[in-house]
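Note that the coordinates shown come from a computational prediction; the quantities given were computed from them, not determined experimentally. Order of the sequence lines sets the chain letters (A, B, ...), proteins ahead of strands, with each chain counted from 1.
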Amino acid sequence: MKQTIATLLSRAIESLAGGELPAETAGIVPHIERTRDPQHGDFATNVAMSMSRVARKSPREIAGLIVAALPSSELVAGVEIAGPGFINFRLAPLARQEEIRSIHATGNAYGRNESGEGQQVIVEFVSANPTGPLHVGHGRHAAYGATVANLLEACGYKVHREYYVNDAGRQMDILAASVWLRYLELGGESFSFPSNGYRGGYVREIAAALRERESSRLHRSSEQVLEGVPADAPDGDREAHIDGVIANMRGLLGEADYRIVLDGGLAGILGDIREDLEQFGVTMDRWFSERGLTESGLVADIIEKLRDDGLAYEKDGALWFRASDFGDDKDRVLVRENGQTTYVASDIAYHLDKRRRGFDTLLDVLGADHHGYVARVRAGLEALGEPGSCLEVRMVQFAVLYRGGEKVQMSTRSGDFVTLRELREEVGDDAARLFYVLRSNDQHLDFDLELAKSRTADNPVYYIQYAHARICSVFRQLHEKDMGWSLTAGLAALHLLAEEHESALMTGLSRYPEVVELGAANRAPQTLVHYLRDLAYDFHTYYNSHTFLVEQDDLRSARLALISAARIVIRNGLALLGVSAPESM
RNA sequence: GCCCCGGUAGCUCAGUAGGAUAGAGCGUCCGCCUCCUAAGCGGAAGGUCGCAGGUUCGACUCCUGCCCGGGGCACCA
């Protein structure tokens, strides 16, 4: 619909450019928006005001020229110049009727568009360290990333969803040690568990599975494990303590068996995360292993390249990347004094790999606490000859759970944190998916558990779903009352729908494609949620003021054609959000 | 100290490239079920868009400074 107006305007401007308006105005793409006040019609453009400087004419004068040059259209009922130079368009009822026909004709594809022009975008999100189950913060990343990916896909982008698995580094060694120690406990050993180890119940489960597979083959005595290990906190140093345990473990088991324990822990946790996400409606196209990046030699390659290009230097026994030459605050270590590469090196290699796989846009969804990471990865990409602008980062602020006005405490220590799985079980997947994207990603989220569970109008999930269920219910009533209807007849009789509530609902429906496009362009799923709430409102008001199942055949069919169009749009919108559209509630 | 996010109605938040009289939900107050689901609908009250400058025909929106809240500034990831 908006497109129709855009086309008319462009034609008018083209015909004027080089004549009554300067030639430069030909290329101007008019900005068109919905009016806020119905008195101003349906759409408005400020194009006359924005070109007044170039055209050296007053906005109202330009508006007059454009309006005069506008091709006539049966979809536009009126055009007027208002205020400082707005051009307002009032749509003919036919335009809204055509949109309802279009909804029925395109069905599940209604709202999809090609604004993405087939650009390849990789959306990396969640990417939580595989050291334990996902918690509620990751849930927001999952819901946000998945919804943005869905929106982009609906706009014709080629989307790839990816989870970067940090399966290298010290925290994996700590995980391996934690699993092994629990395994030893199951074999009858007793000792105090390292304060720095992973204490969650899931570690015991993984240890039990390891026991199942390996029996007592990997058993060693606690004396052997703790031999020469510095004391743990509070008396000693917890880091030194766990490192000592890890070192002994590697020595006692040998590298192959050490790897068996570590991989068992990794596989157990990743399996859990994957299942959790899939049940949450979030499916990754690929789980990209950090370790694989090192093993393939890419990390070594980029380090060598940077060194060869003079973009890395030795200092204090480490190898530093000149990140500050590329806009970062300071230079970054690529290779530590101990010879190990850093996560910065892996991250740069990883993002270069994304580019090599052909992605135009690298969209990273990161926690607010990772914003410092952006400058160094971008610096790395630029140093390797890639445009820094290909990296787009969206921050997700923290989510805080509330239960009846009380903040729910979350602590990652001691393993009593609230997991995503617990949240999903408590409020349900639909409520969780929608609540997570209810607010802008830039905004801290207060997640009210009681509200998410409540079955009242306050709860946007139920409010929207209820509109869908109600429409389905009307069709069930239709059959119970033994009345009939015909979509063809209904679409032919749409001109009968002249009530205020009816045109409001039609206008609401016709906005959907614009909302999808805008939501994708701004990576802003909350736009879609707010829209669906408004649309549900338009429906509920209509429902309350008019009976659909009337005796008059053509009117009944027209109304049912309208509400079934609403059903299609609600269903499509909820699908993008990953929320179900129940037929009854 | 530097960097990132936020500050809009009592509360939680929207606000599309700078546009016309700043919106929604909740809460508060007043109404509506012999009728397709009251998980709903109608109405009312409620604002110095953190503060101060600047840019222009026009600023919640852009720029500068300041105040408040959250987060980050590792040879951890």
(message) With side chain to side chain contact (heavy atoms under 4.5 Å, CB included) as the test, pick out the partner of Leu532(A) among Leu528(A), Val529(A), Asp534(A).
(response) Leu528(A)

(request) Go through the N and O atoms of the side chain of Asn88(A) and the base of rA20(B), and report whether any donor-acceptor pair is under 3.5 Å. (result) yes

(request) Answer yes or no: side-chain N or O of His31(A) and base N or O of rA17(B) forming a donor-acceptor pair under 3.5 Å. (result)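 Such a pair exists between side chain and base.
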
(request) List in numerical order all residues of residues 512-519 of chain A for which some heavy atom is under 4.0 Å away from an atom belonging to RNA chain B. (result)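 Within this stretch, Leu518(A) sit under 4.0 Å of the strand.
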
Report which part of the nucleic acid [X] touches: base, sugar-phosphate, or nothing (heavy-atom distance under 4.0 Å, all strands).
X: Asn46(A); result: base
X: His40(A); result: base
X: Tyr537(A); result: sugar-phosphate

(message) For Thr35(A) and Asp37(A), which I'm curious about, is there any donor-acceptor pair between the side chains at under 3.5 Å?
(response) no

(request) Report yes or no: is the ring centroid of Phe86(A) under 5.5 Å from the six-membered base ring centroid of rA20(B), with the two planes under 30 degrees? (result)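 Whether judged by distance or by angle, Phe86(A) passes, so it stacks on the base of rA20(B).
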
Check nucleotides 3-6 of chain B for protein N or O atoms closer than 3.5 Å to its own N or O atoms and list the pairs.
from   : atom 1 : to        : atom 2 : distance (Å)
rC3(B) : O2'    : His371(A) : NE2    : 3.4
rC3(B) : O2     : His371(A) : NE2    : 3.0
rC4(B) : O4'    : His371(A) : NE2    : 3.3
rC5(B) : O2'    : Gln397(A) : NE2    : 3.2
rC5(B) : O2'    : Asp442(A) : O      : 2.5
rG6(B) : O2'    : Gln443(A) : OE1    : 3.3

(message) Nearest to the side chain of Asp369(A), heavy atoms from C-beta on, is which of rC13(B), rU37(B), rG71(B)?
(response)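 Of all the options, the side chain of Asp369(A) is nearest to rG71(B).
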
(request) Using whole Å, report how far CG of Asn129(A) lies from P of rC76(B). (result)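 Going from CG in Asn129(A) over to P in rC76(B) covers 14 Å.
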
